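What you are looking at is a predicted structure, and each value in this text was computed from that prediction instead of being measured. Residues: numbered from 1 along the sequence shown.
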Amino acid sequence: MTRLNGSSLRLTIFVGENDTWHHRPLFTEIVHRAHKAGLAGASVFKGIEGFGASSLIHTARLLSLSEDLPVAIVIVDTEERVRAFLPQLDELVGEGLVILDEVEVIRYVGRKKKEKA
């Protein structure tokens with residue numbers, strides 16, 4: 001089990017929900033690669049409105065009916081582990097924003113695994 005406490009890095013990747021990697025949602029590929037790399041965790045958050053480098057506004061408002069809303073994938077782990085994962089993002093993220101923030105982890109506790117009968 002990964003343990004986090006104190007200084008860590010938060011990796012946030014902003015992409016569009018329609019971005020794909022080999023016919024699979026890009027955010028799904030990033031989460032699965034983060035899991036395979038043994039990172040502490042990853043979460044995907046779907047935005048309701050936003051714009052990026054293209055300056056095109058995407059929104060979930062009914063009248064606009066955008067189908068490519070912003071998505072943020074957030075990963076927090078030690079600096080060493082996060083930085084080791086960055087080369088995979090070079091391969092995956094053609095358009096989007098990748099940022100790093102220094103954070104302090106106060107509490108990181110997983111669920112206890114159920115014992116098999």
Side-chain angles (χ1 to χ4, degrees):
M1 177 164 95
T2 302
R3 294 190 183 272
L4 286 179
N5 195 359
S7 295
S8 297
L9 276 184
R10 175 176 50 206
L11 168 63
T12 307
I13 306 110
F14 295 94
V15 296
E17 71 176 334
N18 289 343
D19 293 344
T20 60
W21 177 259
H22 297 277
H23 309 291
R24 180 180 195 182
L26 178 58
F27 60 86
T28 298
E29 182 67 20
I30 292 171
V31 167
H32 284 260
R33 287 193 185 198
H35 184 260
K36 186 176 179 181
L39 293 172
S43 297
V44 178
F45 301 94
K46 183 176 179 180
I48 58 171
E49 189 165 24
F51 72 94
S54 69
S55 293
L56 179 63
I57 293 180
H58 302 274
T59 181
R61 287 179 290 165
L62 185 60
L63 295 176
S64 298
L65 295 176
S66 176
E67 295 181 3
D68 192 22
L69 295 171
V71 174
I73 305 103
V74 179
I75 298 168
V76 177
D77 207 321
T78 64
E79 179 174 0
E80 179 182 343
R81 293 168 73 117
V82 168
R83 290 195 183 277
F85 185 69
L86 292 177
Q88 292 201 51
L89 296 179
D90 288 339
E91 176 187 1
L92 295 172
V93 180
E95 294 180 5
L97 175 66
V98 178
I99 61 173
L100 291 173
D101 300 299
E102 292 181 6
V103 296
E104 182 178 354
V105 174
I106 303 299
R107 182 175 169 88
Y108 177 70
V109 179
R111 293 185 186 127
K112 291 183 181 179
K113 292 185 179 184
K114 295 180 181 179
E115 293 182 24
K116 295 182 180 181

Chemist: Using every non-hydrogen atom in the two residues, find where Glu95 and Val15 come nearest and quote the distance to one decimal.
Modeler: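 What the structure gives for the nearest pair is O-CG1, 4.0 Å.
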Chemist: Would you compute the distance between atom CG of Leu97 and atom CD1 of Ile99 and round it to the nearest 0.5 angstrom?
Modeler: 5.5 Å
Chemist: In the single-linkage hydrophobic clustering (I, L, V, M, F, W, Y; side-chain heavy atoms under 4.5 Å), do Trp21 and Ile73 co-cluster?
Modeler: yes
Chemist: Provide the closest heavy-atom pair for Leu11 versus Phe85 in the form atom of the first, atom of the second, distance.
Modeler: CD2-CD2, 3.9 Å
Chemist: Show the nearest heavy-atom pair for residues Ala42 and Val31, with the distance to one decimal.
Modeler: CB-CG2, 4.3 Å
Chemist: Please evaluate residues Val71 and Leu26 with respect to the criterion side chain to side chain contact (heavy atoms under 4.5 Å, CB included), reporting the C-alpha separation (whole Å), side-chain torsions for both, the decisive distance (0.1 Å), and the verdict.
Modeler: CA-CA 10 Å; Val71 174; Leu26 178 58; over 6 Å; no
Chemist: Do Phe27 and Leu89 share a hydrophobic cluster (ILVMFWY, side-chain heavy atoms under 4.5 Å, transitive)?
Modeler: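 Linked, Phe27 and Leu89 end up in one cluster.
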Chemist: What do the steps show when you test Glu104 against Ile106 for side chain to side chain contact (heavy atoms under 4.5 Å, CB included), and what is the final call?
Modeler: CA-CA 6 Å; Glu104 182 178 354; Ile106 303 299; 4.1 Å; yes
Chemist: Restricting to side-chain contact (heavy atoms from CB on, under 4.5 Å), what partner residues turn up for His32, sequence neighbours left out?
Modeler: Arg24, Thr28
Chemist: What are the two closest heavy atoms between Ala72 and Thr12, and how far apart are they?
Modeler: CB-CG2, 4.3 Å
Chemist: Same cluster or not: Phe14 versus Leu86, using hydrophobic residues (I, L, V, M, F, W, Y) connected whenever any side-chain heavy atoms lie under 4.5 Å apart?
Modeler: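 Looking at the clustering, Leu86 is in a separate group from Phe14.
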Chemist: Restricting to non-hydrogen atoms, name the atom on Asp77 and the atom on Gly38 that form the minimum distance, rounded to 0.1 Å.
Modeler: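 Closest approach of Asp77 to Gly38, heavy atoms only: OD2-O, 4.2 Å.
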Chemist: Under a 3.5 Å distance rule, please check whether Glu79 uses its side chain to pair with a backbone N or O of Leu9 as donor and acceptor.
Modeler: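 A pair under 3.5 Å: no.
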Chemist: Roughly how far, to the nearest 0.5 Å, is CD1 of Ile75 from NE2 of His35?
Modeler: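 Output value for this atom pair is 12.0 Å.
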Chemist: Do you know the tightest heavy-atom contact between Val105 and Ser8?
Modeler: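 So the two residues come closest at CG2-OG, 3.4 Å.
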Chemist: With a 6.0 Å cut-off (strictly less than), is the heavy-atom count around CD of Glu91, excluding the residue itself, greater than 12?
Modeler: yes
Chemist: Nearest 0.5 Å, please: how far is CG in Leu92 from OG1 in Thr20?
Modeler: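 Atom-to-atom, Thr20:OG1 and Leu92:CG are 11.0 Å apart.
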